[in-house]
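Atoms within each ligand, like the ligands themselves, are counted from 1 in listed order. Heavy atoms only: backbone and side chains are in, while hydrogens, waters and symmetry mates are out.
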Amino acid sequence: MRITEARVIVCSPGRNFVTLKIVTDEGLYGVGDATLNGREMAVAAYLQEHVVPLLIGRGSDRIEHTWQYLFKGSYWGAGPVTMSAIAAVDMALWDLKGKRLGVPVHQLLGGRSRDKVLVYGHANGRDNAETIAAAERYRDLGYRAIRLQAGVPGLEHAYGVGRGDLFYEPAETGSPPEHVWSTETYLDHVPRLFAEAREALGWDVHLLHDAHHRLTPTEAGWLGHRLEDYRLFWLEDPVNDLLQDGFRHLRRHTRTPIAVGEVFNSVFQLHQLVTEQLVDYLRTTVLRTGGITPLMKIAHLAEPYQVRLGSHGATDLSPITMAAALQVDLAVHNFGIQEYMRHSDATAEVFSSSYAFDDGYLVPGAEPGLGADIDEAAAARFPYERAYLPVARSVDGTVTSW
Ligand code: GCO
Ligand code: MG
C-alpha cells in the first residue's frame with residue numbers, strides 16, 4: 001500500500017485539535033493525533049511543510065523504518081513539536097496496518113494482557129466540599145479511581161479546577177490567563193483535602209493527586225510524607241519532570257507512589273527514573289513521545305523494574321490518542337492505570353470512537369485499527385481559535401510553573 005495523500009486537519013470543537021489523515025492507493029486511510037496544547041499550529045506547520053512531502057509515495061507498512069526515518073532524518077532529536085508530529089504519523093500507520101489486516105492494533109502488539117483498562121477520573125471543585133461531592137458523583141458512575149483537585153482558600157485559581165466538576169480544560173482563547181500561586185498556602189491545604197476525602201469516601205476507592213510540577217524536591221518530599229496516611233494511588237508530577245536527580249531526593253523522604261512524564265518526549269528523559277526505580281508510574285503518552293512504536297519500547301524497558309504505565313489522558317489528547325493509548329494499555333504487561341478525562345459533546349461531534357466506559361474500566365471496541373475516526377465535514381464547522389495554557393506567578397510576581 002502506498003501513501004497517496006496526507007491531510008492535516010485543524011479544528012476546535014470545544015478546544016483545538018490537530019489531526020493527520022493518511023490516505024493510501026488502496027482506499028484505506030489511517031488517522032493520528034498531533035495536538036500540542038497551546039502550540040497547535042507549530043505542529044500543523046511542521047507536518048504540512050516538513051513531513052507530508054516525505055510521506056507521499058512511501059509504503060505504509062514499514063512503521064519502525066518510517067519512524068526512524070522521520071526521527072533521525074530531522075537530526076535535531078526529540079522535542080515536543082517534532083515528536084507530536086511523528087506520533088501522528090506513527091498512530092496513522094498502525095491504524096492502517098490494523099485495518100489492512102482486519103485486526104485491532106493490540107493484536108499486532110502481542111494481543112491482550114488484560115480484558116479492560118482501569119481508568120481514573122478528575123474530580124474538582126472550588127473547595128474541599130465541592131471536590132468531594134464531585135468524587136461521590138464519579139463513584140456513583142462506577143469509577144474506582146479518582147483524582148482530587150480542589151481550590152485552595154486564599155488563591156483565586158488552582159491547577160485542575162474549572163469548567164464543571166467532572167470536566168477540566170485549562171486552555172483559554174485570547175491571551176494566556178494569569179494565576180497567582182503560593183506554595184505555602186497549597187501545602188497547608190492538600191493534606192486537609194485528603195483527610196476530609198478519606199473521611200467521606202472511605203478506603204474502597206483509589207485517590208490520586210496532581211501537583212503539576214510546582215514543588216521543589218524538599219517540598220514534594222514533605223507533601224508526600226504528609227499524604228502517606230491517606231494511601232494515595234499516586235502523587236503526580238510533584239517536581240519538575242525534567243529534574244531526574246530531584247526524584248532521588250524526593251524518594252528518600254516519602255513512600256507515597258510517584259507518577260511522572262506527561263511532558264516527556266523520549267526515553268532519554270526517563271531512563272534514569274526507571275533504572276534507579278525513582279518513580280512508580282510513567283505518564284508518558286503515545287502522542288507526546290512519538291507514537292505507539294516508542295511507547296512500547298519504553299514500556300518494555302520499565303517492565304523488569306516494576307514501573308508501570310499510567311498514561312496522560314487529558315482533554316487535549318484527542319479521542320484518537322485515547323484509542324491508541326488503550327491499544328497499548330491492553331497489550332503491555334506493566335500497565336497500571338489510564339487517565340480518562342471526558343471530552344466535551346462538541347468534541348464527540350467531530351471524533352468517533354469505539355471504546356466505552358463500564359464500571360470503572362474502559363473497554364476498547366473490536367474494530368480493526370485504532371478504533372477512532374474524524375469526521376472532516378463536522379471538523380470544518382469548528383474552525384481553529386488561538387488559545388493558551390495559563391501562566392502562573394508567585395505572590396511577588398515571579399513567573400513560576402503553572
Ligand atoms: C493531567 C495534566 C493536564 C495538563 C494538560 C496540559 O494530568 O491531566 O496535568 O491537565 O495540564 O494536559 O495541556
Ligand atoms: Mg498531570
Exercise. Which atoms from ligand 1 have a heavy atom of E236 less than 4.0 Å away?
Worked result: 1 (C), 7 (O)

For this session: Give the numbers and elements of all ligand 1 atoms closer than 4.0 Å to a heavy atom of N37.
Result: 6 (C), 13 (O)

Exercise. To the nearest 0.1 Å, how far is atom 8 (O) of ligand 1 from its closest protein heavy atom, and which atom is that?
Worked result: E339 OE2, 2.5 Å

Exercise. Is the NZ or CZ atom of R214 positioned over Y186's six-membered ring, under 6.0 angstrom from the centre and within 45° of the axis?
Worked result: yes

Exercise. Between W234 and Y120, does a ring-ring contact (aromatic ring centres under 6.0 Å, His included) hold up when you go through it step by step?
Worked result: CA-CA 11 Å; W234 78 32; Y120 71 86; 5.4 Å; yes

For this session: Output yes when E169 and R342 qualify as a salt bridge under the 4.0 Å nitrogen-oxygen rule, no when they do not.
Result: no

Exercise. Under 6.0 Å from the six-membered ring centre of Y143 and within 45° of its axis: does the NZ or CZ of R137 meet both?
Worked result: no

For this session: Kindly write out the residues that satisfy salt bridge (charged side-chain N to carboxylate O under 4.0 Å, His left out) with D359, not counting sequence neighbours, or none if the list is empty.
Result: R144

Problem set entry | contact_flag H122 ligand 1 heavy-atom lt 4.0 Å | no

Exercise. Counting heavy atoms only, which of Y159, Y168, Y120, Y340 is nearest atom 3 (C) of ligand 1?
Worked result: Y159

For this session: Just jot down the ligand 1 atoms closer than 4.0 angstrom to any heavy atom of A314, in number order.
Result: 3 (C), 8 (O), 12 (O)

Seminar exercise, completed: Counting from 1 in the order shown, the ligand 1 atoms closer than 4.0 Å to a non-hydrogen atom of W402 are 11 (O)

Problem set entry | Identity and separation of the nearest protein heavy atom to atom 11 (O) of ligand 1 | H212 NE2, 2.8 Å

For this session: State whether a side-chain donor-acceptor pair under 3.5 Å links H225 with T256.
Result: no

Seminar exercise, completed: Looking only at protein heavy atoms, what sits closest to atom 5 (C) of ligand 1 is D316 OD1, 3.5 Å

Exercise. Going by atom types only, do N128 and H189 share a side-chain donor-acceptor pair under 3.5 Å?
Worked result: yes

For this session: Check each atom of ligand 1 against the heavy atoms of M341 and keep those under 4.0 Å away; list them by number with element.
Result: 8 (O)

For this session: Answer yes or no: is there an ion pair linking E262 with R288, defined by an N-O contact shorter than 4.0 Å?
Result: no

Exercise. What's within reach of the Mg ion (ligand 2), meaning protein N/O/S atoms under 2.8 Å?
Worked result: D210 OD2, E236 OE2, E262 OE1

Seminar exercise, completed: So for H213 against ligand 1, with non-hydrogen atoms under 4.0 Å, the contacting part is neither

Exercise. Do the side-chain N and O atoms of N124 and Y159 include a donor-acceptor pair separated by under 3.5 angstrom?
Worked result: no

Exercise. In this structure, are over 12 heavy atoms from other groups packed under 6.0 Å from D345 atom CG?
Worked result: no

For this session: For the residue pair R198 and Y230, confirm or rule out a side-chain donor-acceptor distance under 3.5 Å.
Result: no

For this session: Distance to 0.1 Å, residue and atom name: give those for the protein heavy atom nearest to atom 9 (O) of ligand 1.
Result: E262 OE2, 2.6 Å

Exercise. Should we count CZ of R126 as having more than 12 external heavy atoms under 6.0 Å?
Worked result: no

